[in-house]
There are 2 protein chains.
Amino acid sequence: MAQIAERAGVALSTVSYVLSGKRSVSQQMRERVLAAIEELDYRPHGAARALASGASHTIALFLPSPQWHLVPIQQTFIAGATQATSASDYALLLSTAATDPEAITQLVAQGRADGVILMETLHDDPRVERLRSAGYPFSLIGRTNDLTGISFVDMDFGGAIETSLAQLARLGHTCVALFNFAPELLTAGYTAALIARDVFETRAPELGIRPIHVTSSQAPRDAFAAASRLLSSEPECTAAITTGWQFTGLLGALRAADLRVPDEFSVVSVIAAEFAEMLTPALTGVDWPAFEAGRLAAEMLIDKLTGKETAPRQHLVAAELVVRESTGPAPRAKRSTTKRQRRRAAFLGAR
Amino acid sequence: MAQIAERAGVALSTVSYVLSGKRSVSQQMRERVLAAIEELDYRPHGAARALASGASHTIALFLPSPQWHLVPIQQTFIAGATQATSASDYALLLSTAATDPEAITQLVAQGRADGVILMETLHDDPRVERLRSAGYPFSLIGRTNDLTGISFVDMDFGGAIETSLAQLARLGHTCVALFNFAPELLTAGYTAALIARDVFETRAPELGIRPIHVTSSQAPRDAFAAASRLLSSEPECTAAITTGWQFTGLLGALRAADLRVPDEFSVVSVIAAEFAEMLTPALTGVDWPAFEAGRLAAEMLIDKLTGKETAPRQHLVAAELVVRESTGPAPRAKRSTTKRQRRRAAFLGAR
DNA sequence: CAGAGTTGTCGAAGCGCTTCGCGTAGAACG
DNA sequence: CGTTCTACGCGAAGCGCTTCGACAACTCTG
């Protein structure tokens, strides 16, 4: 920078002001400085800038968990956030250890990041508490209990459950299961899981549907087991809604039980994505604009950092239920006494 | 830091040496300093450290393209790299604009990152050239033409194609199609695509297989169209290998043509992942240890940065072909004259 | 026991930028 | 025409660390 100043015949500070635009500089000076910058192929040093200005021009995004195989929707959040960040000339720092509030504030305390984006929020999230009390800027992809003063973008899973239920009710189903997230997540207070359960259990009866709440991890094995249990113990249940990839195991169990989809059993996934089309039958479900959501979360945070936005922005993203091939009218006959049912029972017994 | 020094009754520099361990400090001093650090809850400032030491303790990872919906294997690379980075107390900077060599070197030139990880490398990659000539440390997930002095980790796609071909040959198939990456990627010189083509075309004849090279993007629509064309023009072709998600469109086209998998047509995907199990029929294919690969790429770069490793490390990761349900013996009868064939022709004509 | 080497500590000079306060000159004002 | 503004440019003081050279106090050597 000193070289630039010398070459342009101006003071060091003038170069800085040309670059930052924080004070007015005469046209003449500006041009000379810019010319010198061009000639010397100068690039400002990020760390020096961060040190002097106190802002790193970086935001941190925490992955849910170190080893976690991210589900596609979360990966898309990240891609969206990355894009927004790059577009605003910020950098995006990726970090694991999402569950440790200490590690999260540390990044900001160390001046490595100016703000934080959190994913996978809990209903009562210590990380949010920590960030709030430390006064660090942040935004959420997800929601928490107390949303005052918080900027977030979240998918309206509750609404999606409701729409799914309504669709199934319209098709004549009177007993529907919800394959909610893993029980650990529920007890941990994972907001999306809580909302799913609450909406499901309050809304189903109003639609004349008996709700059966099942929890299962998204691992095919777990969901398969849970689904198998459900199918044998609840013969009246003719449809299921999954909150995620539980549909994999569910479809497997249905196949094993020799139940055809959608003729004998309907399946809806609240998180489907492009994926859904590939399955046979193509999966009815909700496609979320996850890329947009990630972008939004990053933009909200950056706006907060640059002082553009002071009021918190709260986005609840809605999405349409895309009816594909895995849902159909409720079957007339009950499953309980058919030959198929007996076959299935035998199969399950043998396992 | 000055406060720490004062509280511990030592010089500023001593505190620094305690922290960095770059000079020996007496046990007594060290304890006093550490105690003071503890009491004051001090954390070193990243930017200041970066400025003074000239190293940002950060590595940059470039996403293939800003808007790209990452395919799962790439997302898993990122997760793995993130994990390794966090574990080594480095930070991982995510950035788009992967195709612009200028943007890539800029991050290092600005001191925001000490090194770079590149994905989706081309056979003749200007970004690699640039990084090499600028003398910036980097590692690759992928390969390039000239590998001298380069650290990389790559999946052995060539080997996977070979294994897949061998498997199909064993099953009696004598005419196999390869659904390679999109033609743009091939002309751009995307290494994986080139290798796939070369191995396919040289190896197939040796196994008594007539190779048909097809290029298609991974979008279901494109692959569907390409597959439909193939099925009608090449009745002898009884199996296909896909390099990615082209199997989606392929399976769709097979269904539309009323061809059963695997009885009448076999499908192998060279990139399958957990995904494969969910499909009906479950997809035969190769599962790659992508998380490990990402981790490795990051570790290699960090070792290079910390001076632990001087010699470049080159890993070609092999993986097994997992035979699931989508491959079977070559059908006895030719497709050309069956009733089904005529039906299919009618269907394709109507589209 | 002098000279050489070792170990532990300190002070100070940066790293490359931002930003504050001051100074100067011309414009605007009464 | 003197006075107050405004616009613009300059110098210098940091930002919070790292690191180098100097130095003091020892411990070895022969």
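Note that the coordinates shown come from a computational prediction; the quantities given were computed from them, not determined experimentally. Within every chain, numbering begins at 1; the chains are lettered A, B, ... in the order of the sequence lines, protein sequences first and strands thereafter.
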Q.
Using a 4.0 Å heavy-atom cut-off, does A:Ser13 contact any base of the nucleic acid, only the sugar-phosphate backbone, or nothing at all?
A. base
**Q.** Where chain B begins and ends its contact with DNA chain C, read 5' to 3' at 4.0 Å from heavy atoms
**A.** C:dG8 to C:dG16
**Q.** Along DNA chain C (nearest heavy atom to each residue), the more 5'-positioned of B:Leu51 and B:Ala11
**A.** B:Ala11
Q. Of A:Gln27 and B:Ala2, whose nearest nucleotide on DNA chain D comes first from the 5' end?
A. A:Gln27
Q) To the nearest Å, how far apart are A:Arg32 CZ and D:dC8 P? A) 15 Å
Q. On DNA chain C, nearest-nucleotide positions of A:Ser20 versus A:Arg23: which is more 5'?
A. A:Ser20
Q.
Using a heavy-atom cut-off of 4.0 Å across all strands, would you classify B:Ser16 as base, sugar-phosphate, or nothing?
A. base
Q: Hey, can you tell me if B:Tyr190 and B:Phe181 have their rings parallel, tilted or perpendicular (30° and 60° cut-offs)?
A: perpendicular
**Q.** Atom pair distance, as rounded to whole Å: CE in B:Met1 and C1' in D:dT19
**A.** 11 Å
Q. What are the two closest heavy atoms between A:Pro289 and A:Val317, and how far apart are they?
A. CG-CG1, 3.4 Å
(Q) Between the side chains of A:Glu39 and A:Arg32, is the shortest nitrogen-to-carboxylate-oxygen separation below 4.0 Å, so that they form an ion pair? (A) no
Q. So, B:Asp125 and B:Arg130, do they make that salt bridge, N to O below 4.0 Å?
A. no
Q | side chain to side chain contact (heavy atoms under 4.5 Å, CB included) partners for A:Glu38, two or more places apart | A | none
Q) Base, sugar-phosphate, or nothing for A:Arg30, non-hydrogen atoms under 4.0 angstrom? A) nothing
Q.
I'd like to know if B:Arg132 and B:Asp146 make a salt bridge, using a cut-off of under 4.0 Å between side-chain N and carboxylate O.
A. yes
